[in-house]
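Numbering of residues begins at 1 and proceeds along the displayed sequence.
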Amino acid sequence: MSVPRPPSSCLMKLRVTFAIIGALVGLSVLIVFGVQYHNWNVALWGLLSGIAASVTLFVHIAYIRNYWEVNPYPLQRLMLAGCFVQLVGVCGFVTYLTLAIVNKQGLIIEGTGYYLTCVWCFMTWKWGFLLLYLSRSYKRQYTNENHYSQQVDDIDM
């Protein structure tokens, strides 16, 4: 298995820009839906989505500053965190979609609107997926998987 190519500087700028936008939108959803519309389900899921986007932004900035070249092993924990965020997002999506269908709810902005909460559960899942995928991609660039398999082969002999 070959080591993946590093992303171009244009792609890295896009990744950082989208992560910044995701963090800011998550914070703005907390403020708008929490304070203005009193829909705390959407507000808290937006906050969780913004936190996941912020962690993804940290992963990008650490990659740009070559932090992962010195110590790529925290990326394993970030991959696990991405899996957990994905799991939480899917469980939330299914739960709120079920609640909306059972309660025969339409699209409600104020109060407890479950369909908008489903949207932000999906956004949380998306940032969890990106955290997992990009952490794995950066980790593969800095660790040689063939080195590990070669060590295991040497032990077997």
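- Taking 4.5 Å as the limit, every side-chain heavy atom of Thr56 sits out of range of all side-chain heavy atoms of Tyr133.
- Partners of Thr95 by side chain to side chain contact (heavy atoms under 4.5 Å, CB included), not counting sequence neighbours, listed by chain and number: Leu99.
- When side chains are defined from C-beta on, Leu78 counts as touching Trp68, because their heavy atoms get closer than 4.5 Å.
- Of all the heavy atoms in Gly34 and Trp40, the pair that sits closest is O-CZ2, 3.2 Å.
- Closest approach of Val85 to Gly128, counting heavy atoms only: CG1-CA, 3.7 Å.
- The shortest heavy-atom contact between Ser49 and Trp127 is OG-CD1, 3.3 Å.
- Take Ser9 and apply the side chain to side chain contact (heavy atoms under 4.5 Å, CB included) test, not counting sequence neighbours, and it matches no residue.
- Scanning both residues, Trp120 and Val29, for their nearest heavy atoms gives CZ2-CG2, 3.2 Å.
- Heavy-atom minimum distance, Tyr115 versus Gly106: CD1-O, 3.6 Å.
- Put simply, the residue from Leu131, Leu132, Val88 that forms a side-chain contact (heavy atoms from CB on, under 4.5 Å) with Cys83 is Leu132.
- Closest of all the heavy-atom pairs between Tyr114 and Gln105 is N-OE1, 2.7 Å.
- Put simply, the side chain of Pro7 does not reach to within 4.5 Å of the side chain of His60, judged on heavy atoms.
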